[in-house]
Every structure is written in C-alpha cells, then in structure tokens.
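A short write-up of the structure that comes next.
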Amino acid sequence: MPARELNLKDCVIIIGYDPDGNCVYSSLIDHAEYYDGEHAWDKGSRVIELHLRRLKGFIFDMDGVLQEEFESTFNLQTGIYEKGKRRFADGTEQND
C-alpha cells in the first residue's frame with residue numbers, strides 16, 4: 001500500500017505521553033490556535049489528570065516544512081514544566 005501524503009501546512013502536531021510511553025494526548029492544530037490558544041499542559045491540574053509526563057511537538061510552516069521539533073517534560077506531582085528542548089530547521093538546538 002502506498003504511503004498517504006499528509007497536508008501538514010501551517011499546523012502543529014502535539015503528542016503527549018505518560019511515564020510508560022503511552023499516548024495520553026494528541027492534537028493537530030493550526031498555528032494561530034497553538035500560539036494564541038490555551039493548551040492542556042498550561043494548567044498543572046490538567047497535566048496531573050492526564051498523567052502527562054512528556055510532550056512532543058512538530059511545527060510546520062505555510063509550505064509544509066518542519067520548522068521546529070520540541071519536547072517538554074512535566075512533574076507529575078505538581079503538573080509543572082520541568083525541562084525542554086527544541087530543534088530548529090537549521091539544525092540548531094536549545095535546551096532548558
């Protein structure tokens with residue numbers, strides 16, 4: 001079966017995992033919603049409720065080019081962001 005082409009333009013893919021690596025959250029949203037909207041990981045209580053340990057994201061531009069990959073880790077006791085890393089299209093990386 002041929003691979004299906006996805007139209008990943010001007011969007012963000014978000015996938016959240018529990019400590020065992022099971023997917024507990026996923027979303028495909030447009031840029032405006034990602035940058036201006038409220039997210040499940042913005043509130044510690046929601047992070048705890050989802051048991052959201054790790055969040056991965058992929059940001060695509062208007063042409064469908066992957067501009068950034070990111071990963072965030074949360075404390076499951078408090079729901080607070082612990083650390084993160086980003087990799088940009090030019091290959092540079094940033095770690096918190």
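This chain uses plain numbering: 1 for the first residue, then up along the sequence. Because only heavy atoms are used, hydrogens play no part in the values below, and waters and symmetry mates are left out as well, while side chains stay in.
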Test of understanding: with side-chain contact (heavy atoms from CB on, under 4.5 Å), list the residues that count as partners of Ala40, not counting sequence neighbours. Tyr25, Arg46, Leu50
Test side chain to side chain contact (heavy atoms under 4.5 Å, CB included) on Phe58 and Leu8 and set out the steps. CA-CA 10 Å; Phe58 305 88; Leu8 299 174; over 6 Å; no
Calculate, to the nearest 0.5 Å, the distance between atoms CG and CG belonging to Asn75 and Leu52 respectively. 11.5 Å
Hydrophobic cluster membership, Tyr17 vs Val47, 4.5 Å side-chain cutoff: no
Hydrophobic side-chain clustering at under 4.5 Å (ILVMFWY, transitive links): who's grouped with Leu76? Put none if nobody. none
Let me check something: do Tyr34 and Phe74 share a hydrophobic cluster, defined by ILVMFWY side-chain heavy atoms less than 4.5 Å apart, either directly or through other members? yes
Measuring from Thr73:OG1 to Lys83:NZ, what's the distance to the nearest 0.5 Å? 5.5 Å
Between CZ of Phe88 and CD of Gln94, what distance do you get to the nearest 0.5 Å? 5.0 Å
Looking only at heavy atoms, which two atoms of Leu55 and Gly16 are closest? And how far apart? CD1-CA, 3.9 Å
Remaining members of the apolar cluster that contains Ile80, side-chain heavy atoms under 4.5 Å: none
Rest of the hydrophobic cluster containing Ile48 (Ile/Leu/Val/Met/Phe/Trp/Tyr, side-chain heavy atoms under 4.5 Å)? none
Hydrophobic clusters here meaning ILVMFWY residues chained together by side-chain heavy-atom distances under 4.5 Å, can you tell me if Phe60 and Ile15 are in one? yes
Kindly write out the residues that satisfy side-chain contact (heavy atoms from CB on, under 4.5 Å) with Ser45, not counting sequence neighbours, or none if the list is empty. Lys43
Qualifying residues under side-chain hydrogen bond (donor to acceptor under 3.5 Å, both in side chains), relative to Tyr81, sequence neighbours excluded: Asp96
Where Cys11 and Leu28 come nearest, the two heavy atoms and their spacing: SG-CD1, 3.6 Å
Could you list the residues that satisfy side-chain hydrogen bond (donor to acceptor under 3.5 Å, both in side chains) with Glu93, not counting sequence neighbours? none
Could you tell me which residues satisfy ring pair (Phe, Tyr, Trp, His ring centres under 6.0 Å) with His31, sequence neighbours excluded, listed by chain and number? Tyr35
The criterion is side-chain hydrogen bond (donor to acceptor under 3.5 Å, both in side chains); which residues satisfy it with Asp42, sequence neighbours excluded? His39
Side-chain polar contacts of residues 63-72 - donor-acceptor pairs under 3.5 angstrom, sequence neighbours left out - could you list them?
| residue | atom | partner | partner atom | Å |
| --- | --- | --- | --- | --- |
| Gln67 | NE2 | Asp61 | OD2 | 3.1 |
| Glu68 | OE2 | Arg86 | NH1 | 3.1 |
| Glu69 | OE1 | Arg87 | NH2 | 3.4 |

Partners passing side-chain contact (heavy atoms from CB on, under 4.5 Å) against Asp18 (at least two apart in sequence or in another chain): Asp20, Asn22, Val24, His51
With sequence neighbours left out, write down each residue that passes side-chain hydrogen bond (donor to acceptor under 3.5 Å, both in side chains) with Arg54, or none if nothing qualifies. none
